[in-house]
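Worksheet: the structure to be examined is printed underneath.
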Number of protein chains: 2
Amino acid sequence: MYETGSVAGLSKSAGWSAMKMVSDAGMEVRSGGSAVGDPNPCADCDVRSRAVCAALDNSELAELASVNRHRSLESGECLFFEGDPNEAYYVVLDGSLKLYKLLADGRRQVTGFLFKGDFLGLTFADEHSVTAEALEGVKLCQMPRSTFEMLVGDSHSLGRKLLQVANRGIASAQEQMLLLGRKTAQERLASFLLWLSARAEDRGDSPSKLYVPMSRTDMGDYLGLTVETVSRTVTKLKTSGVIHLADKGIIEISDLDRLEDIAAG
Amino acid sequence: MYETGSVAGLSKSAGWSAMKMVSDAGMEVRSGGSAVGDPNPCADCDVRSRAVCAALDNSELAELASVNRHRSLESGECLFFEGDPNEAYYVVLDGSLKLYKLLADGRRQVTGFLFKGDFLGLTFADEHSVTAEALEGVKLCQMPRSTFEMLVGDSHSLGRKLLQVANRGIASAQEQMLLLGRKTAQERLASFLLWLSARAEDRGDSPSKLYVPMSRTDMGDYLGLTVETVSRTVTKLKTSGVIHLADKGIIEISDLDRLEDIAAG
DNA sequence: CGCCAGCTTGAACGAGGTCAACGGGAGTGG
DNA sequence: CCACTCCCGTTGACCTCGTTCAAGCTGGCG
């Protein structure tokens with residue numbers, strides 16, 4: 001759970017395509033793919049206001065723009081694996097990812113989901129503690145570790161911002177421990193839906209019509225449940241009229257009050 | 001889980017009593033209770049090397065020493081409650097605490113334990129996300145929020161240190177999510193004992209003779225189990241010769257390899 | 001001595017896991 | 001266009017691990 005900085009996105013493209021970038025077969029592209037000679041491409045980045053970069057001034061942004069790269073991942077691709085050396089920091093420009101840890105026998109625990117605007121790589125350690133895998137097509141802004149850490153040293157506001165992001169991550173991790181350690185299956189699922197809803201609201205999307213990019217298996221691995229239990233619990237919520245399943249990947253909250261009651265126990 | 005910065009301590013007093021402080025009925029004491037006129041009491045603090053303060057230079061330490069306070073708590077006393085305004089940062093000088101969250105019906109989740117040298121209050125938010133309660137007699141160094149945050153702004157090394165502490169907290173929170181979401185009772189208890197052991201080793205104590213200041217209930221609330229299950233599992237480990245229960249509050253690891261096998265699943 | 005809190009142990013129960021089958025949609029190939 | 005496969009989600013039947021409920025047991029403390 002690094003994220004929760006400003007969780008946003010899910011809108012399936014928006015600003016990205018508007019940038020008229022050539023996707024270059026999914027590979028790295030210089031400085032956001034902006035027109036050659038753009039004096040400060042980062043200043044125009046459409047996720048900047050909700051990302052950590054909001055803490056940087058124009059000269060710092062220019063410095064960052066000279067070394068960052070845009071990358072894209074396809075659904076199911078991994079950005080890095082648990083144990084990999086930590087060589088870069090990222091901001092999610094579009095799409096979503098999951099972070100997870102594995103046990104030797106394959107048991108999996110998803111520790112967080114990342115959406116548009118979220119910061120990734122808040123490790124300040126040499127090794128990644130989790131694997132990061134794309135849930136769908138993803139666009140990222142990649143910043144080399146050295147440059148970014150230098151910027152953190154120079155910019156008080158960036159350091160402060162990162163501490164805020166880290167602390168929000170800790171608070172939401174504590175919340176998740178409460179969920180995993182003490183809540184029932186119904187309470188877990190209800191809490192999860194409310195969390196998705198709150199994130200949607202944060203970015204101005206409808207808090208009742210949720211875009212859900214993750215599979216039932218991913219939800220189970222996040223909530224400490226099996227696929228079957230997730231499925232049964234979703235069905236129960238649907239049958240009792242609390243939620244409504246619309247198109248694939250969309251869950252509508254029909255009765256928010258009741259959902260909140262269920263989440264509270 | 002703020003802690004894990006440098007988890008240490010447990011030795012039941014040591015440096016503290018050597019400071020010849022008047023405990024002043026458990027209330028606040030100026031600048032570590034050092035002799036009046038000491039030019040830089042923080043420089044002599046015996047937990048400094050393992051605490052965040054290690055990142056400060058002498059002038060910064062002097063500044064800190066002019067505003068900090070020592071406090072003590074008795075077993076069971078709360079330093080602050082979830083939802084309380086966040087007014088200070090703390091370093092644990094001696095003793096241990098638990099951090100926890102509660103649900104409306106009383107279900108409790110312990111999110112971390114703090115030992116000597118640990119930093120507390122890494123929130124950078126206005127409200128505490130957990131309750132902090134003493135497991136035994138505790139001595140703390142309390143720094144006012146405003147001064148400390150100013151120091152963070154001025155000192156690059158302190159900011160860096162805090163980011164490290166925060167990130168270690170995030171990594172160990174992820175580890176705990178894996179434990180709560182996917183491990184069996186035996187694996188949870190074994191992982192917990194190994195964690196205690198690693199902390200003991202960090203500070204130079206025996207990694208096989210563990211000081212365990214928390215009750216079975218606290219362990220259960222940390223591991224997402226009931227007291228009964230903790231008790232039964234401890235008994236099972238004891239019966240199978242993996243651990244040995246010595247004096248109250250002491251657990252000896254008799255067969256480390258087997259304990260590691262159990263923790264791994 | 002009696003009381004109380006913490007720990008242990010036993011017996012029965014149940015929430016969620018496991019195993020198995022099935023259905024539907026997307027992709028592929030004839 | 002259909003046949004086939006694969007993946008994902010759903011549903012059912014059964015089982016298990018940990019919970020719940022209920023005693024006891026121990027040690028500290030008035």
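Throughout, protein chains are lettered first and strands after them, A, B, ... in sequence-line order, and every chain is numbered starting at 1. Remember, predicted model here, so these are calculated numbers, not experimental data.
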Whole-Å distance between [N] [atom2] and [X] [atom1]?
| X | N | atom1 | atom2 | result |
| --- | --- | --- | --- | --- |
| A:D105 | C:dT18 | CG | P | 10 Å |
| B:R107 | D:dT19 | CZ | P | 13 Å |
| B:I251 | C:dC7 | CD1 | P | 10 Å |
| B:D221 | C:dC7 | CG | P | 12 Å |
| B:D247 | C:dC7 | CG | P | 15 Å |
| A:R182 | D:dG18 | CZ | C1' | 11 Å |

Checking side chain to side chain contact (heavy atoms under 4.5 Å, CB included) between B:L189 and each of B:L225, B:T184, B:L237, which is the one that passes?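 In the set B:L225, B:T184, B:L237, the residue that makes a side chain to side chain contact (heavy atoms under 4.5 Å, CB included) with B:L189 is B:L237.
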
Should we say atom CD of B:E252 is surrounded by more than 12 heavy atoms from elsewhere, each under 6.0 Å from it?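 Yes, CD of B:E252 has more than 12 neighbouring heavy atoms, counting only those of other groups under 6.0 Å.
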
Tabulate atom names and distances for all N/O pairs under 3.5 angstrom spanning the protein and nucleotides 9-13 of chain D.
unit_1: D:dG9; atom_1: OP1; unit_2: A:R216; atom_2: N; d: 3.3
unit_1: D:dG9; atom_1: OP2; unit_2: A:R216; atom_2: N; d: 3.1
unit_1: D:dT10; atom_1: OP2; unit_2: A:R216; atom_2: NE; d: 2.9
unit_1: D:dT10; atom_1: OP2; unit_2: A:S231; atom_2: OG; d: 2.9
unit_1: D:dT10; atom_1: O5'; unit_2: A:S231; atom_2: OG; d: 3.1
unit_1: D:dT11; atom_1: OP2; unit_2: A:T235; atom_2: OG1; d: 2.8
unit_1: D:dG12; atom_1: N7; unit_2: A:R232; atom_2: NH1; d: 3.0
unit_1: D:dG12; atom_1: O6; unit_2: A:R232; atom_2: NH2; d: 3.3
unit_1: D:dA13; atom_1: N6; unit_2: A:R232; atom_2: NH2; d: 3.4

Between [X] (side chain) and [Y] (backbone), is there a donor-acceptor pair under 3.5 Å?
| X | Y | value |
| --- | --- | --- |
| B:S197 | B:L193 | no |
| A:Q109 | A:D221 | yes |
| A:R188 | A:K183 | yes |
| A:R108 | A:L102 | no |

Name of the residue among A:D218, A:T111, A:T131 meeting side-chain hydrogen bond (donor to acceptor under 3.5 Å, both in side chains) with A:K98: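 Running side-chain hydrogen bond (donor to acceptor under 3.5 Å, both in side chains) over A:D218, A:T111, A:T131 with A:K98 returns exactly one hit, A:D218.
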
Strictly under 4.0 angstrom, non-hydrogen atoms only: write out the protein contact profile of nucleotides 24-30 of chain D, one letter per nucleotide from the 5' end, B, S or -. -------

Regarding A:G224, tell me which of base, sugar-phosphate or nothing describes its non-hydrogen contacts under 4.0 Å with the strands shown. sugar-phosphate

If the plane angle is over 60° it's perpendicular, under 30° parallel, otherwise tilted; pick one for A:F80 and A:H128.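 Aromatic pair A:F80/A:H128 classed parallel.
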
